[in-house]
Asks: 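Structure below; questions to follow.
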Amino acid sequence: MSLRVLKPEENFIAIEPYYQAIGQEIAIFEAAYTQKLPILLKGPTGCGKTRFMEHMAWRLKKPLVTVSCHDDLTASDLVGRFLVRGGETVWVDGPLARAVRNGAICYLDEVVEARKDTTVVIHPLADDRRVLPMEKLGQLLEAPPEFCLALSYNPGYQSVLKDLKQSTRQRFVALEFDYPEAAIEAAIVAREAAVDASVATGLVKFAAMTRNLKGNGLDEGASTRLLVHAGKLIAVGIDPVQACRSAVTQALTDEREMLAAVNELSSSIF
Amino acid sequence: MSKSSALNLTEIAQRLDVSLQVEFTFYHTHELAQTILPLARADQEFYLTWVERVASTHLEISHQFAQRGAELIARMDKHVLEAWLIHAMDTYDIDGLFPAMKIIRNVDQFLHSAHERTAGVALTAQRGVLLHFLQGLSGRQLKVNEGDAAYTDGETVFLPAFVAMFPHVDDNFKLLKAMAALQWAQTRFGTLRLPLQDLIMEHDDPQGFLALFHALETQRLEACLQRELPGLYRDMLRIGTPHSGAAPDTQWRDIVAPLRPATATAEHSLALAQSLFGKVAPPTPRIYQGELRPHEVLQIRLARIEREKARLKVALHDLLTEQAAKPETAPPPSRFDMRETTDPSVPEGARMELTLDDMPVAPPEGVKNLLTSIMLDFDEIPPEYLVPAGPGEYDPRLLHDEEPNADDVWSGTYHEEGAFLYKEWDYRRQHYRKNWCAVREKTVTAQDDGFYANTLKKYATQLRHLRRTFEAMRDEDRLLKRQLDGEDVDIDALVEALADQRAGQEMSDRLFTRMHRADRNIAVCFMVDMSGSTQGWINLAEREALILLCEALEHLGDRYAIYGFSGFARKRCEIFKIKEFSDPYNSEIKNRISGIQPQDYTRMGFAIRHLSGKLLAVDAKTRILITLSDGRPYDYDYYCDDYGIEDTRRALIETRLSGIHPYCITIDQTAHDYLSHMYGAASYTVLDDIARLPYKVTDIYKKLTT
């Protein structure tokens, strides 16, 4: 069992992470935070959900504890467990418990990946009780006002197994994310990858083409993150067609015909 | 290999006698044998093997090859020779003896075009790529099909079957891609919006005028492509420029200059064509230019406009109902409209957005595609299109694409339309026969005759036991002790470890308990033999076994599907739907099981290939394909003995490679000899008593999945 405590509760973000707001999401997040409401970020992969969380943690000057959920993540991985040390059992807090104790922002990334029984432990934290029951310790941990719980969730997976339970999702203020409009996306790619506007526009146009193929052979179109990757390769001198091939096409599919078709699309643009 | 080990005349003649069936055909094998007598043993073997392999397809083709074989082996590369023979056999499969013989006789032409074949690009091989390519470009979702030239009717892009204009494969593919892109550009940039059919008829020489307009319009579309797909345009310039001779036509460059800016439309091309017609001859067409066929565009367009109007209005009606149902929208919304928003990623620099009472709404994918398509026809959404209408106002045939009924196909002429085509392995040829089996899906007619209730009564004791065992299989969560890592401390292990430590021994680090949750993520497909030989007892036992299985599986929660199969030669392969994965187990399904009737013969390969596809479409960790059968593969044509067994075996190998576990339950007592060959040693069960099938099937299933 690998427990992924990525960052300790001292993880304050010092430098402003670049985030281009598209709608009211910053204001809504701040309002929800003040009102002690938990937040659900919905949106396809690589559209900026995690970046938004970093930006908000910086804005609110609170540490950010991120847990990447996976299908073996158990409740103990979040809350904590006893370990054996020198013949004694010692309690060790999990990342969620640490975040609660320290009034941090706890961000559970891709929460549908976690097992359904795991998502249930966050329920008491996500309503007006705001407590974390630690059954094995026989304690209830009350969350301070600064604590904030945020989940991210990609509704794009069509599988029923990967759906969020109603009892979970109806506790959250939901913010919907999508790939930004072409002009904004191009600006983001240009800034993040440090490429000029024409390359960024080309990449965004290419992304739009792959998004046209969603449902026609591709599960997802190219995300903004992939475009930034391609842009970064181009910025250091890789040929654009080759950069798209390595950074975008290969990430989208393994299917031979689709690979060829997407490569033809990128070579048509650049 | 040395000549001394070469075959002698008698040996060669004997083998040819067998391959060419001389006792019936009276071919003179002695003369043939003499032609290869001087060859090395390896070449002789090559010759004899191929004579035998081709003879399994057709004796006359093989004989033709046998006559020229020695000479051809001497001057041709063996791979080319093999390719030629396989090409001939494929042609025989598809077009019959005469065209195949033509290929065999014209070996020189084959050789001549062999280079073309290696450098050329066949549409069939690239169709998938081009289809995805066109779908990736914005606009209407186009289809790709083979045609006698490159043209489009507005919905389908037709491309030549084979392109071999350049010595390199890459260039030939680029040419095909350029043709496809230019046809796409016609639908995307308004060429087809013009009423061309009427316009050209205003002239005395409609074809001449069309040629001029097409040439001018191609120049405009090239400029569009240059802006939109600069990479592609570079390739087009490269392959479109003659390598030598012909100086660039400066006269034309000046004439078409006004068509190159982004503001130029198809109307500009038209006006220019009208002013120039009769004064100048059209320039040489580009190699990727293709043809304009206004008549076909018109036909398709008329049908599409009517259909899409109906579909959009009905879809908007549904959208309105959905929006009105939302509690926060009061008063109910009423008016749809289109609004322009800027979007630099599309060539027009703006995108139309659907609004409802001035608020933007996100239409479902289908409506979005409709709007795009209608925009391409009118350059706007006509206001009357935005008035929602109920489905009752339109002919339902307009609203949905019709799927051809499997039975109707047989009442008409004999054709393969709408059928799934599968390859079949010909072991004598050591090659697949392409698109060989025409497979159709039918649904078993449900029969409400109390069979389900009777079966439950008959097996009441058995069923109680079954349900208990299967329920026990369902709950598999168990606490694993002495783990390296886990949710809780394993006190027993800890006490032991501490005691060990006190005694001076090394302390174990396996001190935790962990809850192991085994997801039964299994999808199983049952493939039931519905051949005529199951008539009577076997059919009854199969049906009873299926009822018991369903009862058990419903308790277990595994996803399962049941299909029957039967064949009557290769053009009438049938899959009978009994229960699909998504179907709930209800009275309809129970009655369908009751309605399973013996059909024709046991052709198995196609069923395995078809049902494997169904299984692969299901998201599951373990996929199992279980065949219930009463005998060896057998169809009334040549699909018997080794042919049937080898094809079935090949299909099973393909299936296993794709990650499915095949298993067979049979009652054929002689099955051991061929089943272990087909399925492998541990993947089948032979039942000695058919009456035990209902008891055993669930048992076997349990063993298989735990």
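The figures that follow rest on heavy atoms only: side chains count, while hydrogens, waters and symmetry mates do not. Reminder, nothing fancy here: chain letters follow the sequence lines and each chain counts from 1.
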Asks: Against chain A, label B:Arg227 side chain, backbone, both or neither, depending on which of its atoms sit under 4.5 Å from a heavy atom there.
Replies: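 Backbone of B:Arg227 only, per the 4.5 Å heavy-atom cut-off to chain A.
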Asks: Do A:Arg81 and B:Asp485 have side chains that approach each other closer than 4.5 Å (heavy atoms only, starting at C-beta)?
Replies: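 Yes, their side chains come closer than 4.5 Å.
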Asks: How far does OG of A:Ser76 sit from CG of B:Asp488, to the nearest 0.5 angstrom?
Replies: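 Going from the OG atom of A:Ser76 to the CG atom of B:Asp488 covers 6.5 Å.
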Asks: Can you tell me how far apart NE2 (B:His132) and OG1 (A:Thr210) are? Round to the nearest 0.5 Å.
Replies: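 B:His132 NE2 to A:Thr210 OG1: 13.0 Å, rounded to 0.5 Å.
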Asks: Please report the interatomic distance CD(A:Glu264) to CG(B:Leu130), rounded to the nearest 0.5 Å.
Replies: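 The CG atom of B:Leu130 is 8.0 Å from CD of A:Glu264, to the nearest 0.5 Å.
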Asks: What are the two closest non-hydrogen atoms of B:Leu494 and A:Thr89, and how far apart are they?
Replies: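 The pair with the smallest heavy-atom distance is CD2-CG2, 4.1 Å.
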Asks: Quick one: side-chain hydrogen bond (donor to acceptor under 3.5 Å, both in side chains) partners of A:Lys42, sequence neighbours excluded?
Replies: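 Applying side-chain hydrogen bond (donor to acceptor under 3.5 Å, both in side chains) to A:Lys42 gives none.
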Asks: How about CD on A:Glu255, more than 12 heavy atoms from neighbouring residues, nucleotides or ligands closer than 6.0 Å, or not?
Replies: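 Yes - once you tally the heavy atoms of other residues, nucleotides and ligands closer than 6.0 Å, there are more than 12.
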Asks: Under the side-chain contact (heavy atoms from CB on, under 4.5 Å) rule, collect the residues that match up with B:Thr622, sequence neighbours excluded.
Replies: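 Listed in chain order: B:Ile522, B:Ile624, B:His661.
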Asks: What heavy-atom pair brings B:Gly136 and A:Leu265 nearest, and what distance separates the two atoms?
Replies: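 Heavy atoms of B:Gly136 and A:Leu265 come nearest at CA-CD1, 3.9 Å.
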Asks: Is it the backbone or the side chain of B:Gln483 that comes under 4.5 Å from a heavy atom of chain A, or both, or neither?
Replies: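 Contact with chain A involves no heavy atom of B:Gln483 at all.
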Asks: How long is the gap from CZ on B:Phe133 to CG on A:Leu213, to the nearest 0.5 Å?
Replies: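 That separation rounds to 10.5 Å.
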Asks: At a 4.5 Å cut-off on heavy atoms, which part of A:Ser267 comes close to chain B: side chain, backbone, both, or neither?
Replies: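 Contact with chain B involves both backbone and side-chain atoms of A:Ser267.
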Asks: Taking C-beta and beyond as the side chain, do B:Glu228 and A:Lys205 meet within less than 4.5 Å on heavy atoms?
Replies: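 Touching, per the 4.5 Å side-chain cut-off.
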Asks: Any heavy-atom pair between the side chains of B:Leu229 and A:Met209 that's under 4.5 Å?
Replies: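 Yes, side chains in contact.
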Asks: Where does A:Phe82 contact chain B at under 4.5 Å (heavy atoms): side chain, backbone, both or neither?
Replies: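 Interface part for A:Phe82: both.
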Asks: Between A:Leu218 and chain B, with a heavy-atom cut-off of 4.5 Å, which part of the residue counts as in contact: side chain, backbone, both or neither?
Replies: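 Contact with chain B: none, neither part.
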Asks: By a 4.5 Å heavy-atom criterion (distance strictly below it), what part of B:Leu498 contacts chain A: side chain, backbone, both, or neither?
Replies: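 Side chain only.
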Asks: Which atoms form the tightest heavy-atom contact between B:Met507 and A:Val84, and what is the distance?
Replies: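 Shortest heavy-atom separation between B:Met507 and A:Val84 comes out as CE-CG1, 4.4 Å.
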